[in-house]
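Report on one structure; see the data block that follows.
Below, chain A is the first sequence line, B the second, and so on; all start at residue 1.
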Amino acid sequence: MSLVAEAFVSQIAAAEPWPENATLYQQLKGEQILLSDNAASLAVQAFLQMCNLPIKVVCRANAEYMSPSGKVPFIHVGNQVVSELGPIVQFVKAKGHSLSDGLDEVQKAEMKAYMELVNNMLLTAELYLQWCDEATVGEITHARYGSPYPWPLNHILAYQKQWEVRRKMKAIGWGKKTLDQVLEDVDQCCQALSQRLGTQPYFFNKQPTELDALVFGHLYTILTTQLTSDELSEKVKNYSNLLAFCRRIEQHYFEDRVLKKHSRWYFQEWLHRTET
Amino acid sequence: HCPGLHPVDEPHSLACDPAEAWRESHSFSARLRVFSALEALWLWRESRAPLCTPGAFGEKVPESWAYAKFSGAPLKVNVIDNTWRGSRGDVPILTTKDNIVSQPAKILNFLRKQKYNADYELSARQGADTLAYIALLEEKLLPAVLHTFWVENDNYFTVTKPWFASRIPFPLSLILPGRMSKGALNRILLTRGEPPLYHLREVEAQIYRDAKECLNLLSHRLGTSQFFFGDMPSTLDAYVFGFLAPLYKVRFPKVQLQEHLKQLSNLCRFCDDILNSYFRHSLGGISPAGQETVDANLQKLTQLVNKESNLIEKMDDNLRQSPQLPPRKLPTLKLTPAEEESNSLQRLSP
């Protein structure tokens, strides 16, 4: 959007308060949604919870096509539709709610840098695992992605998406990476996040910010999604402060909501097993 | 301790004086084979030096070099004319007696393992910050830099393409620049050109906005200190320098991003400081010990290049016909025996 259009949209956004019937759209939870989309959706939900803004989650098979940018999740607020965490954060800010107002310039720079780190490494690794790793593609991704559609549409759509993602991976230089290298990158990223978090409750000490929401979304999804192998979640489990961080956010912000019943159970079961 | 390297006296963990470190460890036999990025700024040896600009494989070259300088790793820079092989994107390459390491991140890791560590004094958290800022640079700044060098028509056809094509052997000079340009455009469109941005102009507007924001963030982060983490340079400084220096120094017709960068005085000061302390110094301070003997031809060539560059500078200034631009002084060539420093406009045909 040009600067003028953006200013215009912000003005419209600022004019109305947050309505009660705001909805978030994502793909079908049980059968269709994939790891990366689930992580993004969870991040947005966490962010809105942290801002104390009510949101209803609606699952639709064609959420990806409804979204203005082709990415899920997107929110429908009043008569505006905004997709992806970045624009949603700006939209919410225009409405007068912000989590990062208390940060100074240097901290804001740091926050943006860490958000890019998560997008650059974690999200790309998730996409790689889903679409470029043959085992996962065959067993999980193809089946899930095309599940709402009849034959042959399910195969065509899945192959089309795979081709798109692989093209993008090649363009950014991840096409030649092996799975081990990708897992090593994930490890490096988690190590950086763990070192940055240290012993603090949130990344910028007492108050959560959009960075916390994003990190929670990705890490929680990685920990609670069953893939063909456990390697990805093992990498995250090496860092105990990240696990504590996920648990803390889950307890504070998702206690009263059914987050994802069986995945939460899985998470708690796992924690219980490791603690005993 | 890598078996391929001669043992050095002590780990050169802090680069107090890179030239001195260089002189001391003349037994080190590593060579950095590299496509030199900008003739105006960096050294190279063989006269027929192919080069590349920030782009498909060039953006990491200045970083590797800068990092090596900061950490005091003694390197010999060799420019290879292996354009055919190199066009697969295999440079920069670090070769020691037994190892070949390619790709910048791996080169940095390798240097770090050999205890040429510029990050020795960084805390764990600062190391994490480094990774985060590098990700920020790659996501926000790189598309705009690629665009400035390779996609923007005026810049590409008047500066990048002739410069590049003049330095690589004939048949490739017709193919490679075009390929790199398409690769850059492809990358920009695939990573940023998603709806609701449908037109290339909108994508361009967005990436330049992101790049300017990124430069502002870097400027805030740098503040008034000399380097990003205190007084000693580190990996992050090398990366930032690698991105900013070409943007700062190369003269383009369309200078949108450069103008913005010039307004951030602390970033300009940062680039100048590094250039003056680490690269200028090397020009005068390279010891002949362990280095190849001087070629008399190199000296003659240096003089010729000097004359040519002055002539071309004058012609270029006339051509541009922009009286408000002060005649910028290109770094002059120093006639030291071992190096030559060439001019960025050397091959630019009027």
Side-chain angles (χ1 to χ4, degrees), chain A residues 1-6 9 65 67-71 81-84 86-87 103-124 164-173 176-177 181 184-185 188-198 200 203 211, chain B residues 56-57 60 88-89 103-106 109 122-143 146 182-199 201-202 205-206 209-210 213-223 228 236:
Chain A
M1 275 198 286
S2 68
L3 268 175
V4 174
E6 251 183 44
V9 165
Y65 302 105
S67 157
S69 74
K71 298 228 173 89
V81 179
V82 191
S83 66
E84 290 185 82
L103 303 178
D104 64 26
E105 291 299 334
V106 174
Q107 285 176 315
K108 278 196 184 141
E110 237 182 82
M111 183 183 78
K112 295 220 166 93
Y114 274 95
M115 285 176 81
E116 287 308 324
L117 178 68
V118 173
N119 280 331
N120 205 356
M121 289 220 175
L122 276 186
L123 179 62
T124 319
E164 252 178 60
V165 174
R166 285 206 174 161
R167 206 164 58 130
K168 185 170 162 187
M169 291 288 145
K170 225 165 76 164
I172 58 175
K176 301 229 174 84
K177 285 197 178 181
Q181 288 171 328
E184 217 181 279
D185 282 342
Q188 243 192 350
C189 179
C190 290
Q191 191 185 38
L193 290 172
S194 174
Q195 283 167 347
R196 176 63 181 80
L197 184 62
Q200 297 171 322
F203 277 95
L211 174 61
Chain B
F57 42 87
K60 298 298 170 66
R88 300 252 160 58
Q103 291 195 354
K106 288 193 196 145
N109 272 339
L122 292 186
S123 67
R125 175 155 160 180
Q126 288 172 328
D129 281 353
T130 303
L131 267 180
Y133 277 101
I134 290 174
L136 181 70
L137 285 174
E138 284 188 0
E139 282 284 319
K140 297 280 180 187
L141 191 54
L142 180 61
L146 279 181
K182 279 200 201 92
L185 182 60
N186 199 27
R187 181 173 175 153
I188 292 174
L189 286 180
L190 280 179
T191 50
R192 302 308 212 88
E194 282 137 5
L197 303 170
Y198 289 105
H199 201 275
R201 262 205 319 266
E202 294 172 11
Q206 179 65 37
R209 222 175 320 149
D210 283 342
E213 197 197 319
C214 180
L215 290 175
N216 291 342
L217 292 176
L218 283 176
S219 179
H220 283 133
R221 175 63 182 81
L222 182 62
F228 277 94
L236 181 59

>> To the closest 0.5 Å, what do you measure between CG (B/L141) and CG (B/L218)?
In response: 7.0 Å
> What option among B/L137, B/N216, B/L190, B/T191 has the most heavy-atom pairs under 4.5 Å with chain A?
Replying inline: B/L190
> Looking at A/M115, A/K168, A/E110, which has the largest count of heavy-atom pairs under 4.5 Å with chain B?
Replying inline: A/E110
> When rounded to the nearest 0.5 angstrom, what is the spacing between SG in A/C189 and CE in A/M121?
Replying inline: 6.5 Å
>> Heavy-atom cut-off 4.5 Å, strictly under: side chain, backbone, both or neither for A/K71 against chain B?
In response: side chain
> More than 12 heavy atoms of other residues, nucleotides or ligands under 6.0 Å from NZ of A/K108: is that the case?
Replying inline: yes
>> Any side-chain to backbone donor/acceptor pair from A/S69 onto A/E84? Under 3.5 Å, distance only.
In response: no
